[in-house]
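I have placed the structure first, in the form of structure tokens, so that the comments after it can refer back to it.
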Amino acid sequence: MKVLIVGASGTIGRAVAAELGQRHEIVAAGRSSGDVRIDITDRASIAAAFKKVGRIDAVVSTAGHVKFAPFADMNPEDYEIGNRDKLMGQVNLVLIGRGSVADGGSFTLTTGVLDSDPIRGGSSASLVNGAVNAFVMAAAIELPRGLRINAVSPGLITEAAAAFGSYFRGFETVPAARAALAYSRSVEGAQTGRVYRVV
Ligand SMILES: NC(=O)c1ccc[n+]([C@@H]2O[C@H](COP(=O)([O-])OP(=O)(O)OC[C@H]3O[C@@H](n4cnc5c(N)ncnc54)[C@H](OP(=O)(O)O)[C@@H]3O)[C@@H](O)[C@H]2O)c1
């Protein structure tokens, strides 16, 4: 398969590329690195990237940013950051990319443990992750041509614990390589409309 990984240079993306790269051709994408440049917050950039990549068998997104801040300090503009980036960025990848994915191909989006296990400062992440999970569930029943779509919802990644661990006291961490197996299930398996929780 030819697999486009958006966010391939990131903590999770690198592990997904290592896992899937053993068996498939990887096209790495990101804003500032990879084979293809793409900014998921910019619809024209998404369209240009798919035009450059051509026919593809699977699209994996391991990109998406949200603002973390105490709820008392969050204003509508703060939520807009995550809505525009991690939520609509990933939704637009599907909307704009679906014509480029071969029959029976797949999309795999990334959410996270805050979809169901909130922490202080994570209200935008919870909002966005829940919305992406719900989008995947709904899009799965209407995608044509045998196209599939799933989400992977990892816990705090072990390799990111030094940076984010203070937000996640008491949470077990997940090695990126273990989270990557869920992306493999989504890309190489047959299921659709699923949220793979790796905690
Ligand atoms: N790390 C964790 O513990 C963890 C746990 C659960 C869920 N998640 C979620 O998993 C996703 C990835 O996390 P991560 O820790 O792997 O992130 P990361 O290390 O910061 O990597 C992000 C990747 O996405 C790319 N990227 C960032 N913004 C982009 C944009 N607008 N358009 C296209 N590519 C973009 C980056 O490359 P460029 O800078 O070159 O664009 C990079 O390759 C995030 O949505 C995060 O919320 C992370």
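Whatever order the structure lists them in is the order used to number ligands and atoms, beginning at 1.
H65 approaches D85 most closely through the heavy-atom pair N-OD1, 3.1 Å.
Under the 3.5 Å distance criterion, the side-chain polar atoms of T62 are left unmatched by any main-chain donor or acceptor of I5.
Partner D115 forms a side chain to side chain contact (heavy atoms under 4.5 Å, CB included) with one of V132, N129, V128 and no other, that one being N129.
Legend: residues meeting salt bridge (Lys or Arg N to Asp or Glu O under 4.0 Å) with E188, ordered by chain and number and at least two apart, are R23.
Within a 6.0 Å sphere centred on CZ of R43, heavy atoms belonging to other residues, nucleotides or ligands number 12 at most. Annotation: E172, atom CD; neighbour count of heavy atoms from other residues, nucleotides and ligands within 6.0 Å does not exceed 12.
At a heavy-atom cutoff of 4.0 Å, ligand 1 is surrounded by V6, G7, A8, S9, G10, T11, I12, G30, R31, S32, S33, I38, D39, I40, T62, A63, G64, K86, T110, T111, G112, P154, G155, L156, I157, A160.
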